[in-house]
Protein chains: 2
Amino acid sequence: MKHKTNNLGEPKKTPAVAVDTLIFSVIDNKLKILLIKILGGAYKNKWAIPGGLVDTNESLEKAASRILSQKAGVDGIYLEQLATFGDPKRDSRGHSVSVAYFALVNDKLFYPKTTEYYADIAWKNVDTLPTMAFDHKKIIEYGKERLMSKLAYSNIAYALLPKEFTLTELQSVYEAVLGKVLDKRNFRKKVQEIKLVKETTRTRQLGANRPAKLFIFTQRHPRIMDIL
Amino acid sequence: MKHKTNNLGEPKKTPAVAVDTLIFSVIDNKLKILLIKILGGAYKNKWAIPGGLVDTNESLEKAASRILSQKAGVDGIYLEQLATFGDPKRDSRGHSVSVAYFALVNDKLFYPKTTEYYADIAWKNVDTLPTMAFDHKKIIEYGKERLMSKLAYSNIAYALLPKEFTLTELQSVYEAVLGKVLDKRNFRKKVQEIKLVKETTRTRQLGANRPAKLFIFTQRHPRIMDIL
DNA sequence: ACTGGATTGTGTAATTTATACACTAAGTAG
DNA sequence: CTACTTAGTGTATAAATTACACAATCCAGT
């Protein structure tokens, strides 16, 4: 193994590098996160966010994509870096530094599956988490904060919704993430004024009531804008 | 060296872990950053931000503090994590992952010195950087963005100023970082209204003109608040 | 002692943005 | 045709932001 050297020419040992990924979705009007159950070892049967070690000469983003694909059957989602956690005690097996990523998905468009790597995989409510391995509870809390603030000043909600959606659905996503109710008229006024969304000609009718207009996001790429 | 293992029990190689630190200050009404000149090796005489490898069983923050103290004579400053850069090609000598931190200082309270580790150390204008080693130009740009937005929604400007300062000095700091002029009356009204600062009984007189009241920050700990 | 130069310090009106709030419209089921 | 359910809409008030110009204080120089 090739080591980096310091200025005195001595080899140095540095921690292992891992990536861990928070995958959020809003399901049944609740903010959920995709968790896996660990197969064996010191953390057997504890829940955790999916992750793994980074290979040398592999970028962090590539490592995150590879691990999600290999271990959770999840492909082609947009990942954003959250933060890096490096406390020497965060993993009792030895010092590793975890670069956390977060992603938002619409659960209808996306099918995680258990693999040989994990004992189980499931969506869990973010506000009623099971006992978590490592420092993953802390990472999730941090990610939730980030998600809340990004929802307020960017258009990333698009990643949580299907292409077409009603304004009621959009509002529910905001309410689930922010944990508070919003005023219907002001919300609808705002998202149209700032051109976050635009109306289609299509409508959707679910029950015995007035059909709802379907909307699409004006842009489906990350963009900074004041929503709330 | 102890290796982490994957689920098949095979040892894996992960990149080396480094920390690099952006130290910003406003000097002569210009946003500056503390850079060092590399002594030897592939990047000899290139400028870079101070940094170094993290030891196993050392936290990232501790590593950053240690390195700043050892290599730049800088102690006791508040560090905040910025982001992590892990492109395999970012360092031509081998794959390393850099966790970047950033700090704000008042240059009057603080004396960086050249050490055996570096060929030189100096404050450089952020908008006219010399040729930088590694991906440090990119890291600095990213840090500058973060600084600009943090200045607008937190009280961290306190770290750039001495205990007592005039409102003109405070405004200059904002203008230097944001790169635009602000309205004097609105600025002064705002910072007092939101209790970012409070007036002291002291004044300072520099030239042949009206003396300026001295102010202090209401809190000198990081706090989220809308400034602009 | 008076004047000129330099920097500090201050208020108000106009505009924009945010908030609070309740009923009608459209459809289906019975 | 009535009852039910969800969708959809406007206005008045309050709050925040913006634009803008001159008087106050001090010293230096004559």
Side-chain angles (χ1 to χ4, degrees), chain A residues 26 28-29 148-149 151-155 157 161-162 164-176 178-217 224-228, chain B residues 26 28-29 148-149 151-155 161-162 164-176 178-216 224-228:
Chain A
V26 173
D28 298 335
N29 293 342
M148 287 171 70
S149 71
L151 215 57
Y153 73 80
S154 81
N155 67 339
L161 287 156
E164 292 186 325
F165 51 88
T166 69
L167 290 188
T168 301
E169 288 169 339
L170 179 63
Q171 187 175 342
S172 294
V173 163
Y174 273 84
E175 291 178 337
L178 300 177
K180 65 178 177 191
V181 299
L182 301 172
D183 180 88
K184 182 159 75 160
R185 276 175 291 191
N186 293 340
F187 181 81
R188 293 159 100 95
K189 205 188 308 170
K190 191 69 179 282
V191 296
Q192 294 183 80
E193 247 172 36
I194 64 176
K195 300 198 198 318
L196 177 67
V197 297
K198 60 185 179 198
E199 191 173 317
T200 68
T201 53
R202 305 195 349 109
T203 60
R204 171 190 301 157
Q205 191 178 346
L206 286 171
N209 50 41
R210 178 169 178 174
K213 286 182 196 160
L214 289 170
F215 285 75
I216 58 173
F217 277 89
I224 303 298
M225 55 198 304
D226 250 51
I227 316 287
L228 304 179
Chain B
V26 173
D28 298 334
N29 293 342
M148 287 171 71
S149 72
L151 215 57
Y153 72 80
S154 81
N155 67 339
L161 287 155
E164 292 185 325
F165 50 88
T166 68
L167 290 188
T168 300
E169 288 170 339
L170 179 62
Q171 185 175 343
S172 294
V173 163
Y174 273 83
E175 291 179 337
L178 301 178
K180 65 177 177 193
V181 298
L182 302 172
D183 181 271
K184 182 159 75 160
R185 276 175 291 191
N186 293 339
F187 181 80
R188 294 161 100 96
K189 205 189 308 169
K190 191 68 179 285
V191 296
Q192 294 183 80
E193 246 171 37
I194 63 176
K195 300 198 197 320
L196 176 68
V197 296
K198 61 186 179 199
E199 189 173 318
T200 67
T201 53
R202 304 192 354 105
T203 60
R204 171 190 300 157
Q205 191 178 343
L206 286 171
N209 49 39
R210 179 169 177 172
K213 287 184 197 159
L214 289 170
F215 286 75
I216 58 174
I224 303 297
M225 56 197 304
D226 250 52
I227 317 286
L228 303 180

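Below, read A as the first sequence line, B as the second, and so on, with proteins coming before strands; counting in each chain starts at 1.
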Item to complete: Let me know the distance between CG of A:Leu228 and P of C:dA18, rounded to the nearest Å.
Response: 10 Å
Worksheet entry | SB check A:Lys213 A:Glu164 (cutoff 4.0 Å) | no
Fill in: Atom-pair distance (NZ on A:Lys180; C1' on C:dT19), nearest Å
12 Å
Item to complete: Taking only heavy atoms on the protein side, list every residue of residues 189-201 of chain A lying under 4.0 Å from any atom of DNA chain D, sorted numerically.
Response: A:Lys189
Fill in: Nearest-angstrom distance from the residue atom CD1 of B:Ile227 to P of D:dA16
15 Å
Practice prompt. Would you kindly give the CG-to-C1' distance between B:Leu214 and C:dT7, to the nearest whole Å?
Written response: 14 Å
Discussion item. I need the CG-P distance between B:Leu182 and C:dT8, as an integer number of Å.
Written reply: 15 Å
Practice prompt. Enter the distance from A:Ile227:CD1 to A:Leu151:CG here, rounded to the nearest 0.5 Å.
Written response: 7.5 Å
Worksheet entry | Nearest non-hydrogen partners of B:Asp183 and B:Asn186, listed with the distance | OD1-N, 2.8 Å
Practice prompt. Tell me, with the steps shown, if A:Arg188 and A:Glu193 meet salt bridge (charged side-chain N to carboxylate O under 4.0 Å, His left out).
Written response: CA-CA 9 Å; A:Arg188 293 159 100 95; A:Glu193 247 172 36; over 6 Å; no
Worksheet entry | Taking every non-hydrogen atom, the tightest pair across A:Asp226 and A:Ile194 | O-CD1, 3.5 Å
Worksheet item: Rounded to the nearest Å, what distance is computed from the NZ atom of residue A:Lys213 to the C1' atom of nucleotide D:dA7?
Response: 9 Å
Discussion item. I'd like to know whether the aromatic ring centres of A:Phe187 and A:Tyr174 sit less than 6.0 Å apart in this structure.
Written reply: yes
Worksheet item: Got a donor-acceptor contact below 3.5 angstrom from the B:Glu169 side chain to the B:Thr166 backbone?
Response: yes
Discussion item. Within this structure, what is the CD1-CD distance for the pair B:Ile216 and B:Glu199, rounded to the nearest 0.5 Å?
Written reply: 10.5 Å
Worksheet, complete the sentence: Once base and sugar-phosphate atoms are separated, protein heavy atoms under 4.0 Å mark nucleotides 21-30 of chain D, 5' to 3', with B, S and - as B--BBBBS--
Discussion item. Can you say whether a donor on the side chain of A:Asn186 sits under 3.5 Å from an acceptor on the base of C:dA18, or the other way round?
Written reply: no
Item to complete: Take atom CZ of A:Arg188 and atom P of D:dT6, then tell me their distance rounded to the nearest Å.
Response: 13 Å
Worksheet item: So with a 6.0 Å cut-off around CZ of A:Arg202, is the heavy-atom count from everything else above 12?
Response: no
Practice prompt. May I ask you to say what A:Thr168 touches in the nucleic acid, namely base, sugar-phosphate or nothing, with a heavy-atom cut-off under 4.0 Å?
Written response: sugar-phosphate
Worksheet item: Rounded to the Å, how far apart are A:Phe187 CZ and D:dG10 P?
Response: 18 Å
